[in-house]
A.B. asks: 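Shown below is the structure under consideration.
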Amino acid sequence: MSACLVYVTVDSRDEAESIASEVLHENLAAGANILGPSISMFNWEGKTETREEYVIVFKTMHSLFPYMEQQISSMHSYKCPCVVAVPITDGNKHYLDWIATETRVKPR
């Protein structure tokens, strides 16, 4: 059982809140932080872009990442959304237990 953080960038605060609400409603994450606005700089289609974005950091279990990635990508406004998992290698045991307790795939 391994926990991870899922890092997502989005175009607006409204989009961040909408995605975070749905992911939490589905119990795919135990919690989410919305940070921003921040300035993102990246290469895209041969040009360097600068854009204001918001960041969502989800706390979840690595086994749920495929479901989260699918849910987030289906709601996301970008053609190529940033949805990446970062493993949590250590942490407060009670906090990590909370993540495990609060996350699951709901039966359909």
Side-chain angles (χ1 to χ4, degrees):
M1 209 169 48
S2 63
C4 69
L5 301 177
V6 175
Y7 176 89
V8 180
T9 56
V10 297
D11 190 47
S12 69
R13 180 177 172 168
D14 287 343
E15 185 173 17
E17 290 179 7
S18 176
I19 289 172
S21 291
E22 185 62 25
V23 168
L24 291 170
H25 175 73
E26 293 293 324
N27 295 104
L28 295 174
N33 298 102
I34 297 172
L35 312 171
S38 62
I39 302 300
S40 293
M41 298 177 71
F42 53 92
N43 293 323
W44 181 251
E45 297 179 341
K47 297 188 308 191
T48 299
E49 302 280 340
T50 302
R51 171 177 300 167
E52 186 175 277
E53 292 185 307
Y54 284 78
V55 175
I56 313 168
V57 180
F58 291 103
K59 293 86 162 184
T60 191
M61 301 305 292
H62 191 264
S63 61
L64 295 177
F65 180 75
Y67 304 100
M68 284 188 69
E69 192 278 328
Q70 183 178 33
Q71 180 69 45
I72 293 166
S73 293
S74 74
M75 299 179 69
H76 209 290
S77 64
Y78 292 170
K79 185 175 13 175
C80 180
C82 171
V83 183
V84 297
V86 180
I88 298 173
T89 59
D90 208 352
N92 177 306
K93 180 186 176 341
H94 298 294
Y95 189 79
L96 298 177
D97 289 346
W98 168 75
I99 293 172
T101 300
E102 294 298 325
T103 55
R104 65 193 167 282
V105 175
K106 287 184 179 179
R108 300 262 172 199

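All figures in this text were calculated on a predicted structure; none of them were measured in a lab. Every heavy atom of this structure was used, including side-chain atoms; hydrogens, water molecules and symmetry mates were not. Along the sequence shown, residues carry numbers from 1.
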A.B. asks: Taking side chain as C-beta onward, heavy atoms only, is Ile72 less than 4.5 Å from Pro81?
C.D. replies: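 No, side chains not in contact.
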A.B. asks: Within the distance-only criterion (no hydrogens, no angle test), does the side chain of Thr50 pair as donor or acceptor with the backbone N or O of Met41 below 3.5 angstrom?
C.D. replies: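 No: the side chain of Thr50 does not pair with the backbone of Met41.
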A.B. asks: Once rounded to the nearest 0.5 Å, what's the spacing between atom CD1 of Ile99 and atom CG of Asn92?
C.D. replies: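 Taking CD1 in Ile99 and CG in Asn92, the distance rounds to 9.5 Å.
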A.B. asks: Shortest non-hydrogen contact from Ile56 to Ala20?
C.D. replies: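 Reported closest heavy-atom pair: CG2-CB, 4.4 Å.
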A.B. asks: Please assess Cys80 against Trp44 for the test side chain to side chain contact (heavy atoms under 4.5 Å, CB included), listing each intermediate value before the final yes or no.
C.D. replies: CA-CA 10 Å; Cys80 180; Trp44 181 251; 3.6 Å; yes
A.B. asks: Please say yes or no: joined through hydrophobic side-chain contacts below 4.5 Å, possibly via intermediate residues, are Met75 and Tyr78 part of one cluster?
C.D. replies: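 Shared cluster, no.
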A.B. asks: Determine the minimum heavy-atom distance between Ala29 and Thr103, stating which atoms define it.
C.D. replies: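 Closest approach of Ala29 to Thr103, heavy atoms only: C-CG2, 3.5 Å.
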A.B. asks: Can you list the steps and then say if Ile19 with Phe58 is a side chain to side chain contact (heavy atoms under 4.5 Å, CB included)?
C.D. replies: CA-CA 11 Å; Ile19 289 172; Phe58 291 103; 4.2 Å; yes
A.B. asks: Look up atom CE in Met61 and atom CE in Met68, then write down how far apart they are to the nearest 0.5 Å.
C.D. replies: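 Rounded to the nearest 0.5 Å, the CE-CE separation comes to 12.5 Å.
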A.B. asks: Look at the aromatic rings of Tyr95 and Trp98 and report parallel, tilted or perpendicular, splitting at 30° and 60°.
C.D. replies: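 If you compare the ring of Tyr95 with that of Trp98, the planes turn out tilted.
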A.B. asks: How close do Ala30 and Glu102 get, counting heavy atoms only, and between which atoms?
C.D. replies: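 What the structure gives for the nearest pair is CB-CB, 3.7 Å.
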A.B. asks: Does Ile88 share a hydrophobic cluster with Tyr7, counting links as ILVMFWY side-chain heavy atoms below 4.5 Å and allowing steps through other members?
C.D. replies: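 Yes, Ile88 and Tyr7 fall within the same hydrophobic cluster.
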A.B. asks: Show the nearest heavy-atom pair for residues Tyr54 and Ala16, with the distance to one decimal.
C.D. replies: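 Closest approach of Tyr54 to Ala16, heavy atoms only: CB-CB, 4.3 Å.
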A.B. asks: Give, for atom CZ of Phe65 and atom CD of Gln70, the distance between the pair rounded to the nearest 0.5 Å.
C.D. replies: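 One gets 11.5 Å once the value is rounded to the nearest 0.5 Å.
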A.B. asks: Does the side chain to side chain contact (heavy atoms under 4.5 Å, CB included) test come out yes or no for Thr60 and Cys4, once each step is laid out?
C.D. replies: CA-CA 6 Å; Thr60 191; Cys4 69; 3.7 Å; yes
A.B. asks: Exactly one of Leu28, Val57, Val83 should register a side-chain contact (heavy atoms from CB on, under 4.5 Å) with Val6. Which one does?
C.D. replies: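 It is Val83; the other options fail the test.
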A.B. asks: Between Ser21 and Glu17, is there a donor-acceptor pair closer than 3.5 Å when you use the side chain of the first and the backbone of the second?
C.D. replies: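 A pair under 3.5 Å: yes.
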A.B. asks: To check you understand the geometry: which heavy-atom pair defines the closest contact between Arg104 and Thr101, and what is its length?
C.D. replies: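 Smallest interatomic distance, heavy atoms only, reads NH1-O, 4.1 Å.
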A.B. asks: Is a side-chain N or O of His76 found less than 3.5 angstrom from the main chain of Thr9, in a donor-acceptor match?
C.D. replies: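 Flag set: sc His76 to bb Thr9 pair under 3.5 Å.
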A.B. asks: Indicate whether any N or O donor in one side chain lies under 3.5 Å from an N or O acceptor in the other, for Asn43 and Thr48.
C.D. replies: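 Yes, a side-chain donor-acceptor pair sits under 3.5 Å.
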A.B. asks: Could you pull out the closest heavy-atom pair between Glu69 and Ser73, with the gap in Å?
C.D. replies: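 Answer, listing the atom of Glu69 first, then Ser73: OE2-OG, 2.8 Å.
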A.B. asks: Does any non-hydrogen side-chain atom of Glu53 lie less than 4.5 Å from one of Asp11?
C.D. replies: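 No, every pair of side-chain atoms sits at 4.5 Å or beyond.
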A.B. asks: So, the side chain of Ser74 versus the backbone of Gln71: is there a donor-acceptor pair under 3.5 Å, distance only?
C.D. replies: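 Such a contact is found between Ser74 side chain and Gln71 backbone.
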